[in-house]
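Read through the structure below, which is laid out as structure tokens, and then see the notes.
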Amino acid sequence: MSTGDMRMRVMIVDDDAHVRLAVKTVLEEEGLTVCMAESGAACLDHLKNGFSGLILLDIMMPGMDGWDTIERIIEEDLFHNIVITMLTAKDTPDNRMIGLQEWVIDYITKPFEPADLLKKVEFFLSYLHDETAS
Amino acid sequence: MRIAVIASSTGGPLIIEEIFSDFPALFFTIIIIQHLPASFIETFRKHLSLVTRMNVLIGSEGHQISEKEIIIAPAGSHLTLEKNRIIHLIDGEKQHGVRPAADYTMVSLKHRVDDRLVGVVLTGMGQDGAAGIAHINDLNGFTIAQDPHTAPIRSMPQSAIETGKVTEILSPKGIREALIRFGSGL
């Protein structure tokens with residue numbers, strides 16, 4: 001994998017610095033380019049600055065939570081060349097997900113097995129490659 | 001004719017690819033309602049077409065379904081079947097927060113003496129597929145819910161199970177085997 005390839009980028013959106021670092025470490029060991037956002041607002045800033053790639057999005061964050069963040073991404077027409085999967089400690093999503101299902105390709109719960117996470121990340125990025133190529 | 005309708009949402013694309021990996025071309029029609037943004041539907045189709053020997057296409061208005069076909073509902077429209085054979089796309093209100101909703105497709109199925117029906121509900125949030133599963137069961141069809149313990153989100157299969165009209169609760173591997181048996185006429 002080319003680490004400079006924009007299509008290989010992964011954004012970790014989590015208010016917990018330890019989680020961001022743990023996920024970043026796993027992904028970078030596989031040659032993926034990772035950027036980090038400590039909040040939904042920071043995620044939106046990355047998107048406005050042209051981020052394309054996979055977004056691993058936490059749900060429970062102070063202020064703008066994961067669902068708010070997805071709603072803003074849709075409202076501000078920022079859903080371009082991105083794939084969103086939730087990466088969360090909530091083993092069952094709440095009803096706020098109703099209406100947002102189609103925008104979330106998968107739902108991964110913490111703690112996760114690194115091998116399982118990598119398998120899914122690779123699969124989601126392949127969706128992005130196809131969309132970019134088509 | 002044998003017809004299977006699959007309801008799938010968040011977490012579904014990877015599970016569906018596992019179910020249909022090396023899936024043989026069989027004499028039945030599978031209709032998949034996968035909740036996805038419009039920009040990913042063609043990618044989803046391409047992925048599936050690479051792993052199965054069935055013909056994989058996106059449903060279109062007036063299409064007459066055939067055996068050996070997997071039909072994916074397009075984003076933004078509900079998909080119904082007229083007389084269990086002809087596809088119609090309907091721009092109705094969202095149901096369960098989604099369009100297409102699998103319930104629309106499943107509930108449009110009718111009793112035909114020469115048809116055998118299967119309904120499957122996979123991972124996802126909400127209740128899409130539950131009413132459809134009950135309907136298919138009432139038509140003497142075979143109904144399957146993904147084992148919630150194997151689903152990234154348990155809500156949809158759990159809702160289907162709670163109707164009391166699910167014939168079997170299966171893992172993705174078990175669902176694959178059941179579909180192959182069904183498509184083989186066993």
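In what follows, chains are A, B, ... by sequence order, proteins preceding strands, each numbered from 1.
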With chain A, the option among B:P152, B:G12, B:P37, B:S9 that has the most non-hydrogen atom pairs under 4.5 Å is B:P37
Toward chain A, the part of B:L14 with a non-hydrogen atom under 4.5 Å =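 The answer is both parts of B:L14.
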Side chain / backbone / both / neither for B:E17 at chain A, heavy atoms under 4.5 Å =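 B:E17 touches chain A through side-chain heavy atoms alone.
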Give a yes or no on whether the ring-centroid distance for B:F142 and B:F182 is below 6.0 angstrom.
->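 Between B:F182 and B:F142, which both carry aromatic rings, the centre distance is not below 6.0 Å.
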Just by distance, with hydrogens left out, do B:E69 and B:T29 show a side-chain donor and acceptor under 3.5 Å apart?
-> no
Are A:K90 and A:D65 close enough for a salt bridge, meaning some N to O gap below 4.0 Å?
->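 Salt bridge flag = no for A:D65 with A:K90.
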Which of these passes salt bridge (charged side-chain N to carboxylate O under 4.0 Å, His left out) with B:D115: B:K110, B:R85, B:R2?
-> B:R85
